[in-house]
There are 2 protein chains.
Amino acid sequence: MLIGELSRRTGVSARLLRYYEEQGLLGTRRDANGYRTYSNDAVVTVRQIRALLAAGLSTDVIRTVLPCANGDQPKLDMCPQLVRTLTDELAAMDGRIDTLRQARGTLAAYLPES
Amino acid sequence: MLIGELSRRTGVSARLLRYYEEQGLLGTRRDANGYRTYSNDAVVTVRQIRALLAAGLSTDVIRTVLPCANGDQPKLDMCPQLVRTLTDELAAMDGRIDTLRQARGTLAAYLPES
DNA sequence: CTTGACCTTGACACCGATGTGAATGCTTAA
DNA sequence: TTAAGCATTCACATCGGTGTCAAGGTCAAG
């Protein structure tokens with residue numbers, strides 16, 4: 001599929017899809033004419049990117065993590081640096097989850113319905 | 001205490017403390033000489049600000065929420081707008097927590113120790 | 001062959017949010 | 001008196017976009 005269709009299917013502007021590619025988050029193949037061509041998987045990938053960004057991960061981390069999440073190469077090239085990144089990010093996630101849950105509890109106490 | 005001491009005690013730069021004041025997150029009294037003066041509570045408040053920011057809350061929301069979290073006025077001036085803000089934020093928090101937990105699960109599967 | 005929709009790159013500029021740097025000057029303590 | 005510490009102010013940086021323009025290539029339908 002071309003970029004316009006992917007945009008329509010994901011609700012993400014073509015502009016932003018090109019931006020994600022530029023940031024190394026979204027791989028593309030090119031047709032002979034130079035057009036970006038996407039597989040159906042791209043729809044899922046774009047949704048993942050959006051979800052992870054919404055969750056507060058940086059594009060840097062997402063770039064590192066996405067190839068694994070997509071199962072492209074499971075555990076294979078687990079160089080120490082990647083393991084470090086993932087471990088650090090997991091710890092940060094746990095921290096954020098804790099903080100959010102705590103803040104949530106504090107706030108909920110001030111509302112009639114939790 | 002003066003801003004330098006608060007900075008040392010919280011690990012937050014004086015510059016950033018002034019910024020938080022400018023954003024309405026951190027109240028200050030002034031000495032006759034114009035110097036900012038902080039109570040011991042300010043240390044706690046700054047930590048709260050940092051934690052909530054780290055958890056992904058905006059300064060806008062924190063500004064609304066902090067007076068309650070500090071118990072300054074519990075439930076008193078619960079105007080509908082404030083309830084709306086808090087309710088919305090709780091929902092958003094739940095969403096972020098879900099996304100993070102899911103991402104965490106996906107990532108953890110790729111690491112030997114979870 | 002033309003038209004119109006769709007694609008390409010590259011650039012420039014702007015936004016809001018969260019900070020950070022640095023210049024310049026006043027106040028206080030040693 | 002001198003240095004540390006405080007003050008204000010303007011400006012810049014980064015991140016994650018977003019809009020828009022220019023100048024052009026591609027393709028299917030009529």
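Hydrogens, waters and symmetry mates play no part in the numbers below; they use all other heavy atoms, side chains included. Residue numbers start from 1 in every chain, and the chains themselves are labelled A, B, ... in the order their sequence lines are given, proteins ahead of strands. The structure presented is a predicted model; accordingly, all values stated were derived computationally and were not measured.
Phosphate proximity of dG19(C) to Arg50(B): present, with a side-chain N or O under 4.0 Å from OP1 or OP2. The shortest distance between the side-chain N/O atoms of Asn33(B) and the OP1/OP2 oxygens of dA7(D) is not below 4.0 Å. Note on Arg18(B): a side-chain N or O is less than 4.0 Å away from OP1 or OP2 of dA7(D). Residue Thr59(A) places at least one side-chain N or O closer than 4.0 Å to OP1 or OP2 of dG16(D). Applying the 4.0 Å criterion to OP1 and OP2 of dG16(D), one finds that Tyr20(A) has every side-chain N and O outside that range.
For the residue pair Tyr20(B)/Arg50(B), the side-chain donor-acceptor check at 3.5 Å is satisfied.
Checking Leu16(A) against Ala32(A), the closest nucleotide of DNA chain D that is more toward the 5' end is the one next to Leu16(A).
Atom CG in Leu2(B) sits roughly 12 Å away from atom C1' in dA29(C) (whole-Å rounding). Atoms CG (Leu17(B)) and C1' (dC6(D)) sit 13 Å apart, rounded to a whole Å. Taking atom CZ of residue Arg63(A) and atom P of nucleotide dC15(D), one finds them 10 Å apart after rounding to whole Å. Spacing between atom CD1 of Ile3(B) and atom P of dC26(C) amounts to 19 Å, rounded to whole angstrom units. Atoms CZ (Arg29(A)) and P (dC7(C)) sit 16 Å apart, rounded to a whole Å. Counting to the nearest Å, the C1' atom of dT18(C) and the CD1 atom of Ile62(B) are 11 Å from each other. Taking atom CE of residue Met1(A) and atom P of nucleotide dC6(C), one finds them 16 Å apart after rounding to whole Å. Across the protein-nucleic acid pair, Leu57(A) atom CG and dC15(D) atom P stand 15 Å apart, rounded to whole Å.
With distances taken from any side-chain atom of Tyr35(B) to the nucleotides dT28(C), dG19(C), dT26(D), the minimum falls on dT28(C). You'll find that the side chain of Ser13(A) is closest to dT18(D), out of dT18(D), dC6(D), dG19(C). Considering only side-chain atoms of Asp60(B), the nucleotide from dT18(D), dG16(D), dA17(C) that sits closest is dA17(C). Here dT9(D) is the nucleotide among dT9(D), dG16(D), dG19(D) with the atom lying nearest to any side-chain atom of Arg15(B).
Using a 4.0 Å heavy-atom cutoff across all strands shown, Arg30(A) reaches sugar-phosphate atoms only and no base atom. Nucleic acid contact class of Arg36(A) (heavy atoms, under 4.0 Å, all strands): sugar-phosphate only.
Taking 4.0 Å as the cut-off between side-chain N and carboxylate O, Glu22(B) and Arg18(B) do not count as a salt-bridged pair. At a threshold of 4.0 Å, the pair Arg63(B)-Asp60(B) counts as salt-bridged, since one of the basic side-chain nitrogens sits closer than that to a carboxylate oxygen.
Side chains of Met1(A) and Asn40(A) form a contact here, defined as non-hydrogen atoms less than 4.5 Å apart.
Checked by atom type and distance alone, the side chain of Thr28(B) never pairs as donor or acceptor with a backbone atom of Thr37(B) at under 3.5 Å.
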